[in-house]
Amino acid sequence: MNKSKRHHYIPKFFINGFTGEDGKLSVLDKTKGTIDKIRKSPKQIFFEWNRNSFNINGYETDFLENVYQFGETKFADIYKKLTEKFEPIEITTYDILHLTLFISEIHWRIPIRDKIFNKNIKNYDFENAPFKIIDKKTGKKTPFSQLKEFTEEPAFIESLKHIQAIQDYIKNSKKIKVENWLIYYRPKEAPQLKILCDNPIITRNESENVLESELIFNLSKSKTVYHTKGNRLKEIPPMNNISIDILLYLQAEKFVCCSDESYLNSIIELSKLYNTPEKILYLKNEIFEVFE
């Protein structure tokens, strides 16, 4: 059986929600400071070769990629329901549970989390982990203190990120309130322009669990998710949508894309106004003023 090689950290079906009529996007590489002359399809962006492939005792496996793809398949139908219409729809607890799991997985799946997670894994409380390692020969639990080499394996670390995403989701699901998760729909006649980047979740404050923070998440080029944490969402002025895209551009690690190149260029130019940490914080606070 052929193993996959092109591993997306942002799923293709999700990227497709931001494409133009040609099914493609204009893509900026921030490290180069230029927009690619050739527009890209979802298949061509937000991926790394063999990101979820590992060699375990001489055995090549892409098991983690299969786990992610299984989750994507489960969410794809919900995503279609949430994004295919241009007017508000009835959103169920089931829909929000799937949405929050997807957001949690994206949070831990993107490359910008790699260094952070690898650094923090040294302080991970393995003894109280939601799983245990069983010795195949004895059938008994093996203390993590005896598994230092194992816990440093890339396959284990990457799997642990997925476990962390599920942990965060489960913790949040016990107290979830559908009314605190709102989706803003831009009218069909309005420009359908939104930024997608490799760090796509805006949080008001840093939290151990991203789902416990007030957050903003572009769901497609015409839909935006707001987690209000019980606050009321005021009327959203047009400039707020632009400010969200500016902040997404600023917090992106490497790649930023949009269905419209001229809009992407405008966001790049506007972002130059926020050239200090203080100005970026001001922009973020301004964005979240729609909560009250």
Side-chain angles (χ1 to χ4, degrees), residues 8-27 39-47 68-107 109-110 165 169 172-173 176-202 210-211 215-228 233 235-238 240-242 244-245 248 255-261 263-264 267 290:
H8 285 78
Y9 45 86
I10 295 181
K12 287 182 288 184
F13 78 85
F14 185 76
I15 303 170
N16 194 56
F18 294 80
T19 58
E21 292 183 0
D22 60 351
K24 297 181 178 181
L25 297 129
S26 294
V27 181
R39 285 168 64 80
K40 301 292 181 66
S41 69
K43 178 182 177 180
Q44 296 173 295
I45 55 177
F46 297 127
F47 77 92
Y68 280 128
Q69 288 184 7
F70 176 79
E72 291 169 17
T73 301
K74 291 290 184 180
F75 180 62
D77 288 341
I78 302 296
Y79 180 77
K80 182 179 180 182
K81 172 187 174 181
L82 296 177
T83 59
E84 66 180 349
K85 294 184 179 181
F86 286 91
E87 64 272 353
I89 61 170
E90 181 181 354
I91 300 174
T92 67
T93 301
Y94 181 80
D95 298 331
I96 297 302
L97 287 171
H98 273 276
L99 174 63
T100 52
L101 177 57
F102 180 74
I103 291 174
S104 186
E105 288 187 337
I106 289 291
H107 173 75
R109 189 175 176 179
I110 54 179
Y169 160 75
N172 179 75
S173 67
I176 198 165
K177 294 183 178 179
V178 175
E179 62 269 24
N180 290 345
W181 291 89
L182 305 177
I183 299 180
Y184 172 76
Y185 293 75
R186 271 167 290 286
K188 189 173 184 179
E189 61 274 11
Q192 306 299 308
L193 298 172
K194 292 302 294 181
I195 290 293
L196 177 62
C197 73
D198 55 13
N199 187 16
I201 305 168
I202 296 175
V210 66
L211 301 177
L215 66 79
I216 299 172
F217 179 60
N218 282 343
L219 195 60
S220 71
K221 62 186 178 184
S222 62
K223 315 290 188 303
T224 301
V225 174
Y226 291 85
H227 180 214
T228 66
L233 186 63
E235 183 176 350
I236 300 172
N240 187 267
N241 290 310
I242 296 173
I244 289 171
D245 285 341
L248 285 171
F255 295 112
V256 184
C257 68
C258 182
S259 60
D260 185 87
E261 183 176 345
Y263 179 73
L264 180 53
I267 294 299
V290 295

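The structure presented is a predicted model; accordingly, all values stated were derived computationally and were not measured.
- Across S259 and G20, no two heavy atoms sit closer than the pair CB-N, 3.5 Å.
- Between the CG atom of N199 and the CD1 atom of I110 there is a distance of 4.5 Å, given to the nearest 0.5 Å.
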> Would R109 and E72 satisfy salt bridge (Lys or Arg N to Asp or Glu O under 4.0 Å), going step by step from the backbone distance to the final call?
Replying inline: CA-CA 13 Å; R109 189 175 176 179; E72 291 169 17; 2.7 Å; yes
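- Classified by interplanar angle (parallel below 30°, tilted 30° to 60°, perpendicular above 60°), the ring pair H98/F75 is parallel.
- Side-chain contact between I216 and V225 is absent, with no heavy-atom pair separated by less than 4.5 Å.
- How far OG1 of T19 is from CD of E21: 10.0 Å, rounded to the nearest 0.5 Å.
- Listed for the N172 side chain is no donor-acceptor partner under 3.5 Å among the backbone atoms of Y169.
- For the residue pair Y226 / N180, no side-chain donor-acceptor distance below 3.5 Å is found, with atom types taken as modelled.
- Taking the side chain as every heavy atom from C-beta outward, L82 and I91 approach each other to under 4.5 Å.
- With contacts defined as side-chain heavy-atom distances shorter than 4.5 Å, the pair N218/L248 qualifies.
- No close placement of the Y9 and F47 rings is indicated, their centers lying 6.0 Å or farther apart.
- Between K221 and K194, the closest heavy-atom pair is O-CG, 3.2 Å.
- Between E235 and V290 the shortest side-chain heavy-atom distance does not fall below 4.5 Å.
- For R39, the salt bridge (charged side-chain N to carboxylate O under 4.0 Å, His left out) partners at least two apart in sequence or on another chain are D22.
- Considering only heavy atoms from C-beta on, T228 comes within 4.5 Å of L182 through its side chain.
- Cation-pi contact between K223 and F86: present, with separation from the ring centre below 6.0 Å and deviation from the ring axis of at most 45°.
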>> Show, in sequence, the C-alpha distance, side-chain angles and deciding distance for R186 and Y184, and conclude whether the side-chain contact (heavy atoms from CB on, under 4.5 Å) test is met.
In response: CA-CA 7 Å; R186 271 167 290 286; Y184 172 76; 3.4 Å; yes
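- Within the model, atoms CZ of F46 and SG of C197 stand 6.5 Å from one another, a figure rounded to the nearest 0.5 Å.
- Separating the NE2 atom in H227 from the NZ atom in K177 is a distance of 10.0 Å, to the nearest 0.5 Å.
- One distance of note links CD of Q69 with NE2 of H8; it measures 10.0 Å at 0.5 Å rounding.
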>> Please evaluate residues I195 and F18 with respect to the criterion side-chain contact (heavy atoms from CB on, under 4.5 Å), reporting the C-alpha separation (whole Å), side-chain torsions for both, the decisive distance (0.1 Å), and the verdict.
In response: CA-CA 8 Å; I195 290 293; F18 294 80; over 6 Å; no
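- You'll find the side chain of L215 reaches within 4.5 Å of the side chain of W181, heavy atoms only.
- Aromatic rings of F14 and F217 (six-membered ring for Trp) have centroids within the 6.0 Å cut-off, being under it.
- Using a 4.5 Å heavy-atom cutoff, the side chains of K24 and K40 are not in contact.
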>> Assess the residue pair I45 and F255 against the criterion (side-chain contact (heavy atoms from CB on, under 4.5 Å)); give the C-alpha distance rounded to whole Å, side-chain angles, the decisive distance to 0.1 Å, and a yes or no.
In response: CA-CA 8 Å; I45 55 177; F255 295 112; over 6 Å; no
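- Rounding to the nearest 0.5 Å gives a distance of 5.5 Å between SG of C258 and CG of L193.
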>> Would K81 and D95 count as a side-chain contact (heavy atoms from CB on, under 4.5 Å) here? Give the steps.
In response: CA-CA 9 Å; K81 172 187 174 181; D95 298 331; 2.6 Å; yes
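- Using a 4.5 Å heavy-atom threshold, the side chains of P42 and N16 count as touching.
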What side-chain donor-acceptor pairs closer than 3.5 Å can you find for residues 100-107, not counting sequence neighbours?
| from | atom 1 | to | atom 2 | distance (Å) |
| --- | --- | --- | --- | --- |
| T100 | OG1 | I96 | O | 2.9 |
| T100 | OG1 | L97 | O | 3.0 |
| S104 | OG | A165 | O | 2.8 |
| E105 | OE2 | H162 | NE2 | 3.0 |
| H107 | ND1 | R113 | NE | 3.3 |
| H107 | ND1 | R113 | NH2 | 3.2 |
| H107 | NE2 | R113 | NE | 3.3 |

